[in-house]
Amino acid sequence: MLIRTHTCGQLRDAHVGQTVRLNGWVNAYRDHGRLIFIDMRDRTGVSQVVFDPETGAGAAVMEAADRLRNEDVIAAEGTVRVRIGGENPKLATGKVEVVCTKLEVLNKTENPPFLPEDPGAGGKLPNEELRLKHRYIDLRRPRMQQILGVRHKVYQSTRRYFDENGFLEIETPILYKSTPEGAREFLVPSRHLPGNWFALPQSPQLFKQILMVAGVDRYMQICRCFRDEDPRADRQAEFTQVDLEMSFVCRERVMEMMEGFVRRLWKDVAGVDVPAIQRMGYREAMERFGIDRPDTRYGLEIADISEVAARSEVGFFKEALAKGADLPRFNSGRGVVKAIRVPGGAERLTRKITDGYNEFVRGFGAGGCAVVKVNAAGELETGIARLLQSVKAGVVTALGLKPGDTVLFVADVYSTCTKALGELRQAVARDMGLVPRPGAEGGPWNFLIVVDFPMFERDKETGRWIAMHHPFTAPRDDQAEAFVNADPSDAVTIESIVSAGYDIVVNGQEIAGGSIRIHAPRVQSKVFQLLGMTPEQAKEKFSFLLEALSYGAPPHGGIAFGLDRLVMNFVGTGNIRDVIAFPKTQIGQDLMTGAPGPVTEEQLREVHARALVPPRA
RNA sequence: GGGGCGGUAGCUCAAUUGGUUAGAGUACCGGACUGUCGAUCCGGUGGUUGCGGGUUCGAGUCCCGUCCGCCUCGCCA
């Protein structure tokens with residue numbers, strides 16, 4: 001075999017005159033009869049190889065070259081020279097070409113179902129189903145190779161940073177114990193213990209805490225996590241986290257460490273200097289932006305106008321405000337009226353668009369979205385304008401209205417109203433063209449750390465308390481006493497306790513979340529009690545953790561970054577499948593390997609399991 | 001589990017109100033061609049219109065079911 005001396009993306013005019021050998025795929029062929037051009041591709045780039053009988057290509061070489069087709073795997077030997085036909089500015093190697101004297105066809109290809117080409121202007125990729133089935137071809141595309149490279153850089157930068165900061169990389173089990181809190185789990189039957197099952201970890205949470213008890217002090221891992229829930233464009237059942245945990249730290253120290261990591265990563269991978277990251281409380285985020293991961297690159301903040309709305313003649317305002325009127329102001333069940341002022345919306349947001357908003361907020365459980373426009377004379381128009389007339393001055397002042405504005409109103413209980421407007425705000429920002437493209441295209445990266453989350457929220461169906469982050473999250477230092485002493489039936493107090501948790505948000509997307517953990521058994525027991533677990537149940541589920549905590553657990557805390565989402569940001573895609581080498585579809589299938597697939601009766605017997613339904617064909 | 005969009009040649013798409021033999025570009029096959037780089041020119045092969053049923057004289061088109069892909073709500077401690 002003619003083993004390569006250079007890669008296909010390497011040749012420059014400095015190589016002119018050298019004899020080189022290239023290995024790669026036929027990216028394109030242009031056959032002029034007695035003159036043939038082949039573009040050879042490997043992951044580094046493309047080089048043009050010329051076959052010309054007058055410059056050393058014998059009859060056999062010409063004949064073989066004539067038969068080359070896209071995606072054949074070849075080796076070519078020849079001399080580098082400046083291109084006779086002029087430079088091709090589209091290629092990094094475009095100044096030179098290889099005049100081929102020897103050609104070896106390493107492997108002919110079947111006619112491929114599609115060619116691994118990035119879509120040019122107006123071009124389209126073959127549909128994703130086909131590309132997933134033949135992932136090995138799709139991954140040959142320069143874009144996919146680039147993404148694999150960026151992901152590699154993220155791994156390397158991550159390991160360097162945490163190594164420099166004294167973290168030990170430690171692997172934790174993939175065959176794990178089922179912890180029925182949280183996401184649905186993937187199960188694996190045990191052969192040795194009939195009737196018993198492993199679960200694949202939703203995260204290494206408990207192991208990393210136990211590593212702290214074990215004196216590891218600083219742990220990190222780039223680990224696979226599994227959650228058997230329906231995917232989204234940015235979610236996959238099997239995904240990767242940068243997981244870390246630190247001992248003898250307060251919340252501030254962990255946030256410093258993770259901020260340092262973000263700064264290093266963005267510098268290494270994107271060449272961006274990240275400024276000091278702003279902090280924002282959960283309550284403030286929800287009030288101003290209606291979401292716990294606000295995108296603060298644009299305004300469109302949400303205003304609570306309940307007070308003035310109560311004096312209006314709008315029936316559904318009053319109806320909403322009557323709900324839970326006796327509850328504290330931020331209680332999820334209290335009725336409120338909120339609005340977003342959209343500067344310039346009167347012109348850009350057409351009736352068709354705002355009708356869409358009405359449907360949009362209904363999707364989040366709100367009754368609808370009222371729309372009022374401010375005309376050039378400063379008068380309110382359309383929708384409920386007439387019913388607001390009596391409180392017009394109050395509305396104008398509360399929202400700072402100006403001519404040309406559109407105002408979007410939602411009235412409902414606090415949780416629904418906030419959620420609906422938080423989602424609507426993002427949709428409006430897109431429609432108004434307010435969302436910059438991040439990163440290389442020039443838009444800013446907008447980082448935010450959100451803190452002071454509530455410890456608990458109500459389960460929407462059962463009304464029971466559930467942990468907002470997870471049941472091992474500690475209350476904020478100054479809240480610990482109040483928490484331990486709180487009466488479990490005192491809902492107002494329970495709801496007011498905030499945790500020592502923190503999320504990192506970039507451009508409105510959560511990329512990391514963590515907390516200081518509970519290291520005191522009495523605090524942990526209190527959490528379990530609130531979650532409705534008896535001491536016996538808690539022991540049954542988490543005895544190993546409780547036991548570990550009782551044998552000298554240091555104060556500790558940590559965080560986990562969603563690595564796939566980090567890579568998505570760096571490469572500018574909204575599709576998580578783009579950044580995973582072998583991703584799964586919406587129903588969790590791997591279209592290339594055909595997983596999941598049936599197993600034999602014998603295999604089932606060995607693990608003491610039986611199928612309730614036959615495998616689907 | 002709910003809602004939406006889609007599935008026609010290997011690929012990307014078209015096909016008027018339900019109406020002639022389902023077309024085009026590209027890929028592939030054959031031929032021509034000495035400077036291309038989306039090579040060009042000539043010719044050709046290629047179809048269970050995802051699958052199953054129904055309505056109709058007649059279905060790619062309408063109806064029902066189903067499978068698959070994507071987006072999304074729920075879900076994701």
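- Spacing of P atoms, B:U45 relative to B:G23, comes out at 12 Å, to the nearest Å.
- In this structure, CG of A:Asp138 is placed 13 Å from C1' of B:C11, rounded to the nearest angstrom.
- In this pair, A:His134 and A:Tyr136 present their aromatic rings perpendicular. The plane angle is above 60°, beyond the 30 to 60° band.
- Put simply, CG on A:Asp234 is 9 Å from P on B:C71, counting in whole angstrom units.
- A:Phe239 comes within contact range of no nucleotide atom at all, as no heavy-atom separation falls under 4.0 Å.
- Of the listed nucleotides (B:C76, B:A39, B:G69), B:A39 has the atom at the smallest distance from the side chain of A:Arg30.
- For A:Glu54, the side-chain atoms get nearest to B:U34 when compared with the rest of B:C71, B:G74, B:U34.
- Using a cutoff of 4.0 Å between basic side-chain nitrogens and carboxylate oxygens, A:Lys208 and A:Asp243 are scored as salt-bridged.
- Between A:Asp459 and A:Arg464, no side-chain nitrogen of the basic residue sits less than 4.0 Å from a carboxylate oxygen of the acidic one, so the salt-bridge criterion is not met.
- Of the charged side-chain nitrogens involved, at least one lies within less than 4.0 Å of a carboxylate oxygen, so that A:Asp39 and A:Arg30 count as a salt-bridged pair.
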Exercise. Let me see the working for A:Arg458 and A:Ile466 under side-chain contact (heavy atoms from CB on, under 4.5 Å), right down to the final yes or no.
Key: CA-CA 6 Å; A:Arg458 297 259 195 202; A:Ile466 50 177; over 6 Å; no
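- Close to B:C73, at under 4.0 Å from its OP1 or OP2, lies a side-chain N or O of A:Arg232.
- Under the 30°/60° scheme for interplanar angles, the aromatic rings of A:Tyr282 and A:Phe453 are found to be tilted.
- One can place CG of A:Asn127 at 11 Å from P of B:G69, the figure rounded to the nearest angstrom.
- Residue A:Gln202 places none of its side-chain N or O atoms closer than 4.0 Å to OP1 or OP2 of B:C76.
- The nucleotide B:A24 finds its pairing partner in B:U12, both defining distances of the Watson-Crick or G-U wobble pair being shorter than 3.5 Å.
- At a threshold of 4.0 angstrom between heavy atoms, the contacts of A:Pro471 include nucleobase atoms, whether or not backbone atoms are also involved.
- The base of B:G4 lies outside donor-acceptor range of the side chain of A:Glu359, with no N or O pair under 3.5 Å.
- B:G25 and B:A9 have their C1' atoms separated by 12 Å, given to the nearest Å.
- Closest to the side chain of A:Leu130, out of B:C11, B:C75, B:C68, is B:C11.
- For the P atoms, the distance from B:G31 to B:C70 is 42 Å, rounded to whole Å.
- Of the candidates B:U12, B:G35, B:C75, B:C75 carries the atom nearest the A:Glu229 side chain, counting heavy atoms from C-beta on.
- Using a 4.0 Å cut-off between a side-chain N of Lys or Arg and a carboxylate O of Asp or Glu, A:Lys133 and A:Glu129 do not qualify as a salt bridge.
- Judged by ring centres under 5.5 Å apart and planes tilted less than 30 degrees, A:His32 fails to stack against the six-membered base ring of B:G35.
- In this structure, A:Arg517 reaches neither bases nor backbone, as no heavy-atom distance under 4.0 Å exists between it and the strands shown.
- In this structure, A:His134 places its NE2 atom 19 Å from P of B:A27, rounding to the nearest Å.
- Counting only N and O atoms by type, the side chains of A:Asn575 and A:Thr573 include no donor and acceptor under 3.5 Å apart.
- When each of B:G10, B:A27, B:C29 is scored by its nearest atom to the side-chain atoms of A:Asn70, the top-ranked nucleotide is B:A27.
- Rounded to whole Å, the distance from CZ on A:Arg184 to P on B:G74 is 15 Å.
- Shown here, B:C37 forms no base pair; nothing in the strands shown gives a Watson-Crick or G-U wobble contact with both key distances under 3.5 Å.
- Residue A:Asn88 contributes atom CG, which lies 7 Å from atom P of B:G38 at whole-angstrom precision.
- Side-chain atoms of A:Ile587 lie closest to B:G69 of the nucleotides B:A39, B:G69, B:C70.
- B:G30: Watson-Crick or G-U partner is B:C42, with both key distances under 3.5 Å.
- Of all nucleotides present, none satisfies the Watson-Crick or G-U wobble test against B:G47 with each distance under 3.5 Å.
- Annotation: side chain of A:Val571 is in contact with side chain of A:Arg143 (closest heavy-atom distance under 4.5 Å).
- Considering only side-chain atoms of A:Pro126, the nucleotide from B:C11, B:G69, B:C76 that sits closest is B:C11.
- We find that A:Asp503 and A:Arg293 are not joined by a salt bridge, their nearest charged nitrogen and carboxylate oxygen being 4.0 Å or further apart.
- Considering only the side chain of A:Asp230, B:G1 comes nearest among B:G30, B:G35, B:G1.
- Ion pairing between a basic and an acidic side chain is recognised when a charged N comes within 4.0 Å of a carboxylate O; A:Glu185 and A:Arg227 show no such pairing.
- In this structure, B:C5 and B:G69 make a Watson-Crick or G-U wobble pair, each of the two defining distances being under 3.5 angstrom.
- Ring to ring, A:Phe51 and A:Phe37 are not that close: their centroids are 6.0 angstrom or more apart.
- A:Arg69 has its CZ atom 10 Å from the C1' atom of B:G30, to the nearest Å.
- Map A:Pro53 and A:Asn111 each onto its nearest nucleotide of RNA chain B; the residue landing nearer the 5' end is A:Asn111.
- A gap of 7 Å separates the P atoms of B:G47 and B:G10, to the nearest Å.
- Nucleotides B:U20 and B:G58 place their C1' atoms 12 Å apart, quoted to the nearest Å.
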Output a table of nitrogen or oxygen pairs between the protein and nucleotides 40-46 of chain B separated by less than 3.5 Å.
none

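- One finds no side-chain N or O of A:Arg227 lying less than 4.0 angstrom from the OP1 or OP2 phosphate oxygen of B:C76.
- Per the geometry, NZ belonging to A:Lys584 stands 18 Å off C1' belonging to B:C70, to the nearest Å.
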Self-check item: Intermediate values then yes/no, side-chain contact (heavy atoms from CB on, under 4.5 Å), A:Leu200 and A:Tyr176
Solution: CA-CA 6 Å; A:Leu200 305 185; A:Tyr176 197 20; over 6 Å; no
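- When heavy atoms are screened at a 4.0 angstrom cut-off, A:Gln586 is found touching base atoms of the nucleic acid.
- Pair check for B:C75 finds none; no Watson-Crick or G-U wobble contact set falls under 3.5 Å.
- Only the P atoms considered, B:G3 is 28 Å distant from B:G60, to the nearest whole Å.
- Within 4.0 Å (heavy atoms only), A:Gly94 reaches no atom of the nucleic acid at all.
- Remark: A:Arg577 is in phosphate contact with B:C71, judged by side-chain N or O atoms under 4.0 Å from OP1 or OP2.
- Across all strands, A:Lys133 comes closer than 4.0 Å to no nucleic acid atom at all (heavy-atom distances).
- Positionally, the nearest nucleotide of RNA chain B for A:Gln589 lies more toward the 5' end than for the other of A:Gln589 and A:Ser203.
- With a 4.5 Å cut-off on side-chain heavy atoms, A:Lys338 and A:Thr418 count as touching.
- For RNA chain B, the residues of residues 35-43 of chain A within the heavy-atom distance limit of 4.0 Å (strictly under) are A:Leu35, A:Phe37, sorted by number.
- The gap from the C1' atom of B:U12 to that of B:U16 amounts to 22 Å, rounded to the nearest Å.
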